[in-house]
Amino acid sequence: MHIYNTLTRRKEPFSPLVAGKVSMYVCGMTVYDYCHLGHARVMVAFDVITRYLRHRGYDVTYVRNITDIDDKILKRAEENGETISALTERMIAAMHEDEARLNVLPPSQEPRATGHIGDIVAMIETLIEKGFAYAAANGDVYYRVRKFADYGKLNNRQLDDMRSGARVDVDVHKEDPLDFVLWKAAKPGEAHWHSPWGDGRPGWHIECSAMSTCCLGDTFDIHGGGPDLTFPHHENEIAQSEAATGKTYVNTWMHAGAVRVNQEKMSKSLGNFFTIRDVLAEHDPEVVRYLLVASHYRSAINYSVDSLVEARKSLTRLYTALEGVNADEQAAASDAAERFTAAMDDDFNTPIALAALFDLARDLNRAKSDQPAEAPRLAGELKRLAGVLGLLQQTPQTFLKGAQQQVALSEEEIEAKIAERQAAKGSKDFARADAIRDELAALGIILKDSREGTTWVIEAP
């Protein structure tokens with residue numbers, strides 16, 4: 001296997017620290033609001049990576065944290081007139097609902113920042129003892145960025161360039177404008193914990209350093225996250241962790257691509273910001289998952305109605321191939337499986353892996369008519385490989401007809417239209433028959449004529 005390492009900016013052979021085992025940490029959500037499409041991208045990307053590593057025989061410990069104390073959480077709880085715990089528990093439950101609907105497996109461990117305050121304080125104390133951090137007069141604790149010689153290595157940045165090119169908050173309590181906070185002194189009435197520097201709460205960056213090393217050790221195999229986290233969050237994690245332990249923090253850094261909406265950056269200011277539940281209220285969750293899987297995890301994804309239509313068409317092709325076949329999922333591996341594995345071994349190249357599945361679906365369609373005895377084996381292989389991507393988990397009948405909730409006609413109305421079309425054909429009113437077919441096609445209802453009669457499937461939302 002080869003994985004692209006953000007740190008070295010190249011693909012590298014993957015060799016875990018412990019043979020047969022993989023330790024992976026992914027930055028999770030700050031639970032002050034519902035998860036959005038960008039979160040879905042990260043959820044699904046690392047779910048596929050975890051599934052594939054396990055498919056390859058690795059024992060994977062996948063840790064994804066929850067940030068349950070943060071400035072945004074304090075502000076939102078105050079705006080809502082609810083306690084911090086009431087807000088965070090509600091958002092965590094919603095997050096779990098969203099990921100379950102997207103068929104995202106739960107992580108092996110899901111630590112919360114508030115459950116690791118002791119570990120965070122201990123790491124900060126170590127950094128102070130080693131001279132990498134200092135307690136300021138205002139009760140905050142800061143990290144000395146210039147003390148860490150390798151600062152900027154993840155993002156290939158020089159310290160002086162950062163200072164000249166970045167907007168840095170003016171803080172008279174910092175020794176250097178680039179220093180960042182490890183511990184925040186509590187304001188009157190704020191949630192807080194006791195520490196040697198006074199009552200306060202942890203900074204965001206130190207939370208992940210403490211949780212990841214606590215769960216996986218001083219050095220682990222893979223650290224992942226969204227594209228916006230490389231700087232400063234992951235850069236700061238490296239600086240904190242390696243200064244505290246004196247060891248390499250992470251061997252392989254992985255980052256998922258961004259989500260764009262109609263080719264524009266997703267943002268609330270542009271009015272194109274969608275939560276996962278906004279999207280799933282209108283679209284089949286498996287169609288959304290397919291859209292997220294169909295692009296390479298490092299590539300940007302364009303979310304649009306057209307892209308969802310294409311995703312549904314692609315899934316329809318796969319489910320149609322499975323229709324009417326009793327899949328033998330114990331069947332031996334095929335040439336398609338070898339191509340699938342080669343693609344996924346190459347930095348989890350899901351577009352190429354999906355191409356192997358479509359070739360398998362084509363072979364299955366041919367076998368259904370030419371070699372019926374081969375069809376169950378091919379169907380089983382298609383389902384087995386697609387399952388590694390978290391796809392084709394429904395029955396063909398459920399998927400192909402289940403989308404009728406997305407269209408304006410009920411099943412009875414569709415059947416009535418088909419009967420009307422048959423009557424038109426019987427009376428040689430072919431123009432009317434064609435018009436009915438076109439009318440249904442415009443709604444995404446595709447008719448299939450055969451000697452046994454006419455059947456239908458939903459091909460697009």
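For the numbers below, each heavy atom of this structure counts, side chains included, while hydrogens, waters and symmetry mates do not.
Ion pair R90/E82 flagged as a salt bridge, since at least one NZ, NE, NH1 or NH2 atom sits closer than 4.0 Å to an Asp/Glu carboxylate oxygen. Ion pair R56/D345 flagged as a salt bridge, since at least one NZ, NE, NH1 or NH2 atom sits closer than 4.0 Å to an Asp/Glu carboxylate oxygen.
Between F348 and Y297, the ring planes are perpendicular. Angles over 60° get that label, and only those under 30° would be called parallel. Ring planes of W204 and H233: parallel class, angle under 30° (limits at 30 and 60°). Note on ring orientation: taking the six-membered ring where Trp is involved, the planes of H255 and H234 are tilted (angle from 30° to 60°).
Two residues are said to be in side-chain contact when any heavy atoms from C-beta on lie closer than 4.5 Å; H283 and R312 fail this criterion. Using a 4.5 Å cut-off on side-chain heavy atoms (C-beta onward), I238 and V250 make no contact. You'll find the side chain of P196 reaches within 4.5 Å of the side chain of V121, heavy atoms only. Within the 4.5 Å cutoff, the side chain of D179 has heavy atoms near those of the Y134 side chain. The closest side-chain heavy-atom distance from D346 to K11 is below 4.5 Å. Between L74 and Y32, the closest side-chain pair of non-hydrogen atoms is not below 4.5 Å. Here the side chains of R277 and C35 are not in contact, with every heavy-atom distance at 4.5 Å or above. Residues K75 and E78 form no side-chain contact, since every pair of their non-hydrogen atoms from C-beta on lies 4.5 Å or further apart.
Taken to the nearest 0.5 Å, the CG atom of D199 stands 8.5 Å off from the CH2 atom of W183. For the atom pair OG1 of T316 and CG of L400, the computed distance is 6.0 Å after rounding to the nearest 0.5 Å. The distance from the CZ atom of R51 to the CG atom of N103 is 4.5 Å, given to the nearest 0.5 Å. Atoms CZ and CG, on F358 and D363 in that order, are 13.5 Å from each other to the nearest 0.5 Å. Taking OH of Y290 as the reference point, atom NZ of K313 lies at 13.0 Å (rounded to 0.5 Å). Remark: S241 OG to M123 CE distance equals 5.0 Å, nearest 0.5 Å.
The minimum heavy-atom distance between V288 and L102, with the atom names listed, is CG1-CD2, 4.1 Å. When all heavy atoms are compared, the tightest approach of R201 to A191 is CD-O, 4.0 Å. The minimum heavy-atom distance linking I69 with A113 is given by the pair CG2-CB, 4.3 Å. Counting all heavy atoms, side chain and backbone alike, Q240 lies closest to S209 at NE2-OG, 2.8 Å. The two residues V60 and L53 have their closest heavy-atom pair at CG2-CB, 3.6 Å. Across all their heavy atoms, A243 and L127 have their closest contact at CB-CD2, 3.7 Å.
Side chain to side chain, T248 and T219 fail the donor-acceptor criterion of an N or O pair below 3.5 Å. In the model, Y249 has a side-chain atom that pairs as donor or acceptor with a side-chain atom of E237 under 3.5 Å.
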Query raised in the report: Which is it for Y52 and M1 under the side-chain contact (heavy atoms from CB on, under 4.5 Å) test, yes or no, and what are the steps along the way?
Result: CA-CA 11 Å; Y52 183 68; M1 288 184 65; 4.2 Å; yes
Query raised in the report: Would E175 and K147 count as a salt bridge (charged side-chain N to carboxylate O under 4.0 Å, His left out) if you check the C-alpha gap in whole Å, the side-chain angles of each, and the deciding distance to 0.1 Å?
Result: CA-CA 12 Å; E175 294 178 354; K147 176 77 173 177; over 6 Å; no
Query raised in the report: Should R10 and E12 be marked as a salt bridge (charged side-chain N to carboxylate O under 4.0 Å, His left out) after you check the CA-CA gap, both sets of side-chain angles, and the distance that decides it?
Result: CA-CA 6 Å; R10 64 175 181 265; E12 299 174 335; 3.8 Å; yes
Query raised in the report: Could you go step by step and tell me if S307 and N302 meet the side chain to side chain donor-acceptor pair (under 3.5 Å) rule?
Result: CA-CA 7 Å; S307 61; N302 184 51; 5.3 Å; no
Query - Chi angles and distances behind the side-chain contact (heavy atoms from CB on, under 4.5 Å) call for H55, L389 - result: CA-CA 10 Å; H55 171 73; L389 305 180; over 6 Å; no
Query raised in the report: Are M43 and I276 close enough, and set up right, to give a side-chain contact (heavy atoms from CB on, under 4.5 Å), and what steps lead you there?
Result: CA-CA 11 Å; M43 283 181 182; I276 295 174; 4.3 Å; yes
Query raised in the report: Passes side-chain contact (heavy atoms from CB on, under 4.5 Å), V48 versus R289? Steps please.
Result: CA-CA 10 Å; V48 169; R289 183 180 176 101; 3.7 Å; yes
Requested in this report: Please lay out, stage by stage, how D98 and R101 fare under the test salt bridge (charged side-chain N to carboxylate O under 4.0 Å, His left out).
Outcome: CA-CA 5 Å; D98 290 343; R101 293 191 66 196; over 6 Å; no
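Remark: the backbone N or O of G131 is paired with a side-chain donor or acceptor of R144 at under 3.5 angstrom. In this structure a side-chain-to-backbone donor-acceptor pair under 3.5 Å is missing from D328 to P376. In this structure a side-chain-to-backbone donor-acceptor pair under 3.5 Å is present from E235 to N155. Here the side chain of S23 pairs no donor or acceptor atom with the backbone of T61 at under 3.5 angstrom. The closest donor-acceptor contact from the side chain of R54 to the backbone of I49 lies at 3.5 Å or more, if one exists at all. Side-chain N or O atoms of H296 include one that pairs as donor or acceptor with a backbone N or O of D347 at under 3.5 Å. Side-chain atoms of S295 never come within 3.5 Å of backbone atoms of L291 as a donor-acceptor pair (strictly under, hydrogens ignored). The main-chain N or O of W253 is found under 3.5 Å from a side-chain atom of N5 such that the two form a donor-acceptor pair. Although no hydrogens or angles enter the test, the distance criterion places a donor-acceptor pair under 3.5 Å between the side chain of H39 and the main chain of H36. A distance-only check finds no donor-acceptor pair linking the side chain of E207 to the backbone of T67 [under 3.5 Å].
By the side-chain contact (heavy atoms from CB on, under 4.5 Å) test, P106 is found to be paired with no residue, residues two or more places apart in sequence or in another chain being considered.
Ring centroid separation for the pair Y62 and F46 does not come in under the 6.0 Å cut-off.
Annotation for N326: atom CG does not count as buried by contact number, only 12 or fewer foreign heavy atoms lying within 6.0 Å. Annotation: K130, atom NZ; neighbour count of heavy atoms from other residues, nucleotides and ligands within 6.0 Å is above 12.
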